[in-house]
Number of protein chains: 2
Amino acid sequence: MPPRRGQQLVQSLERGLAALEMALDGNVRPSHVAEALGIDRSTAYRLLYTLMAKGYLLQDERTREFTSNPAKFFQLYGKVATLLDWSDVAGDFLTRLRDQSGETANLGVRQANNVIYIAHKPGQAALSVNFALGTSRPLHCSALGKALLAAQPDAVTAEWVASAALTSYTAKTITEPSRLKRHLERVRVEGYAVDDEETFAGVRCIAAPLHDHRAQVIAALGISGPTTRITHERLPHFAQNVMQVAAQLSAELGAPGAEP
Amino acid sequence: MPPRRGQQLVQSLERGLAALEMALDGNVRPSHVAEALGIDRSTAYRLLYTLMAKGYLLQDERTREFTSNPAKFFQLYGKVATLLDWSDVAGDFLTRLRDQSGETANLGVRQANNVIYIAHKPGQAALSVNFALGTSRPLHCSALGKALLAAQPDAVTAEWVASAALTSYTAKTITEPSRLKRHLERVRVEGYAVDDEETFAGVRCIAAPLHDHRAQVIAALGISGPTTRITHERLPHFAQNVMQVAAQLSAELGAPGAEP
DNA sequence: CCTCGTGTTGCGTAATTCGCACATGCAGCG
DNA sequence: CGCTGCATGTGCGAATTACGCAACACGAGG
């Protein structure tokens, strides 16, 4: 018997959700899930079967593989419709930012240790940064993520920085906790965050936080583009642009103190 | 111990998913879930807590209520990106259908006993049918649903009609299995389905099935509008329009036999 | 202050789940 | 063609796990 932790999680549910997420990353079979989770094949099978019975998965009649059921997830997603509304509200501002900067504009929220991109307007230049909605990126090396991190109270940020796994993606990724902490302090002072090729070589991003009617930071807005266009010289200009649109969107969301 | 059914489902996972879906329909508290599922409060709490630990739910610090975590569901949804692509492909056809008919065009797939609307183009008239993406409607009283039902093999349809709960929504909803069966046979012959105020009074819909490269019916396409514009006289004309665009979209999807 | 309702946690029980073992089916190969 | 290897799917018994009971903490309301 494993030692009881502070809070006991329901094991079957935990494993079932893990199996579900595996199926979302690609078709799975009981043997795969069993190996990945360190459980018996039969157990994995019963979890998958239950997920299928509840509509989350489908099973291919021929190959016997379990697949995620897109319709089910679309339905679930439709129920958290607030985000859809978000896209509608933010759409005009993203377009404005995209047109003013000429680069891909995007908007993301925090989910655990990641930023999730929930709305975007891809740039129209031949060479533009592009990725699918719903993509997640680490907080510590994305502009949106750093803008969100910097908005937290000092103590929270300090604790997070100390305990987080600062995975390196490029030579420029900040992996030292102390350096990241100082970096975030500067982000807060300046009002915007920069990802200077810390996630992808050749890609620079700029982001600023968005405030709601309670002045709470709930999301971040930014642009991403190739280093050839977002140069160090033009960076301050882009940053002003991002902050300006972020303030406008915040005002639209009812943030106090923002320009009308 | 309850008698074992043909296939045993994992109870904890089943209950956990039920709790999750409750949370998607609005904030929940352990006592609510416990009562709805007929389980103890403590059990409901542990399920909710596990869902929270895995990122599916959030708990309000003040009210202690559990809320769905939109970011998580957006992330999950982003992974089943095939549907997003679908919207892209279907977008032009939906627009064409909307512009030709002047009514709201929509596209849906089957999910259990419902149709899920996964793409649409709302009509531009002052009075137009409109609903959010991800909405679900019963198969037996929606045009899209009947188009999907009629495409199945006879035996499957017969069994479904006999066992399904044909809930009535308006006076015109078809609730007799035998009548629905005949109705669906006619749908198959005609090539299109009509929802003649069977779901909402004053709303008429027309839909036709979409075929993929294997000639399998995978979705349905249609229009919805007020009975004042979609009159019985003009209905055949609208039906031709729907079938034509459906055939074009099917061809785009690689369906054999459809016009290029 | 008392009561009621609810969130949260400890604990013992027993129901539920888990893993083993096996039947079955399929694909590759000698 | 039959043998082997591998995977899915299903009884079944053991015991781990999840469940319900009970109790505590806390806040609201009377």
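We use all heavy atoms of the structure for the numbers below, so side chains are in, but hydrogens, waters and symmetry mates are not. Quick note on labels: first sequence line is chain A, next is B, and so on, each numbered from 1.
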*Asks:* What integer distance in Å separates E14(A):CD from dA18(D):C1'?
*Replies:*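 Spelled out: CD on E14(A) to C1' on dA18(D) is 13 Å.
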
*Asks:* Ignoring backbone atoms, establish whether R15(A) has a side-chain N or O less than 4.0 Å from OP1 or OP2 of dT17(C).
*Replies:*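 Negative; the distance criterion is not met.
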
*Asks:* In whole angstrom, what separates L37(B)'s CG from dC19(D)'s C1'?
*Replies:* 14 Å

*Asks:* Can you identify which nucleotide, out of dG7(C), dT9(C), dG20(D), has its nearest atom closest to the T43(B) side chain?
*Replies:*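 Of the candidates, dG20(D) comes closest.
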
*Asks:* Please report the distance, rounded to the nearest Å, between CD1 in I39(A) and C1' in dC20(C).
*Replies:* 15 Å

*Asks:* Among Y77(B), F74(B), Y117(B), which residue satisfies the ring-ring contact (aromatic ring centres under 6.0 Å, His included) criterion with F74(A)?
*Replies:* Y77(B)

*Asks:* Can you find a pair of side-chain heavy atoms, one from D25(B) and one from K79(A), that are under 4.5 Å apart?
*Replies:* yes

*Asks:* Give the nucleotide from the list dG9(D), dG7(C), dC18(C) with an atom nearest to the side chain of R64(B).
*Replies:* dG7(C)

*Asks:* Rounded to whole Å, how long is the line connecting atom CG of D60(B) with atom P of dG7(C)?
*Replies:*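 Atom-to-atom, D60(B) to dG7(C), this comes out as 13 Å.
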
*Asks:* Please tabulate the protein-to-nucleotide N/O contacts below 3.5 Å involving nucleotides 21-25 of chain D, giving atom names and distances.
*Replies:*
{"residue": "dC21(D)", "atom": "N4", "partner": "S42(B)", "partner atom": "OG", "Å": "3.1"}

*Asks:* Look at the rings of Y169(A) and H140(A) and say which category their plane angle falls in: under 30° parallel, 30 to 60° tilted, over 60° perpendicular.
*Replies:* tilted

*Asks:* Give the rounded distance in Å between these two atoms: CG of L47(A) and P of dT10(D).
*Replies:* 15 Å

*Asks:* Whole angstrom is fine here: how far is it from CG in L9(A) over to C1' in dT9(C)?
*Replies:*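 After rounding, the reported distance stands at 14 Å.
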
*Asks:* Atom CD of E65(B) and atom C1' of dG7(C): how far apart are they, to the nearest Å?
*Replies:*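 Computing the E65(B):CD to dG7(C):C1' distance gives 12 Å.
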
*Asks:* Measuring to OP1 and OP2 of dC19(D), would you say a side-chain N or O of Q11(A) lies under 4.0 angstrom away?
*Replies:*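 No.
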
*Asks:* Should we count CZ of R64(A) as having more than 12 external heavy atoms under 6.0 Å?
*Replies:* yes

*Asks:* Compare side-chain N and O positions of S12(B) against OP1 and OP2 of dT17(C) and report whether any pair is under 4.0 Å apart.
*Replies:*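 Indeed, a polar side-chain atom of S12(B) lies that close.
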
*Asks:* Are D60(B) and N27(B) close enough, and set up right, to give a side-chain contact (heavy atoms from CB on, under 4.5 Å), and what steps lead you there?
*Replies:* CA-CA 10 Å; D60(B) 188 302; N27(B) 300 359; over 6 Å; no

*Asks:* Taking atom C1' of dG10(C) as reference, at what distance in whole Å does atom OH of Y49(B) sit?
*Replies:*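 Answer to the nearest Å: 16 Å.
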
*Asks:* Flag the pair F73(A) / F73(B) as yes when at least one side-chain heavy-atom distance between them is below 4.5 Å, and no otherwise.
*Replies:* no

*Asks:* Assess whether a salt bridge exists between E21(A) and K72(B), defined as any Lys/Arg side-chain N lying under 4.0 Å from an Asp/Glu carboxylate O.
*Replies:*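 Yes, charged N to carboxylate O under 4.0 Å.
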
*Asks:* Is the backbone of Q152(B) close enough, under 3.5 Å, to the side chain of R188(B) for a donor and an acceptor to pair up by distance?
*Replies:*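 A pair under 3.5 Å: yes.
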
*Asks:* Which of residues 20-34 of chain B have a heavy atom under 4.0 Å from DNA chain C?
*Replies:*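 Residues of residues 20-34 of chain B that come under 4.0 Å of DNA chain C are, in numerical order, R29(B), P30(B), S31(B).
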
*Asks:* Would you please name every residue forming a side chain to side chain contact (heavy atoms under 4.5 Å, CB included) with F200(A), sequence neighbours left out?
*Replies:* R137(A), V203(A)

*Asks:* Within the 4.0 Å heavy-atom criterion, would you say E35(B) contacts the bases, only the backbone, or no part of the nucleic acid?
*Replies:* nothing

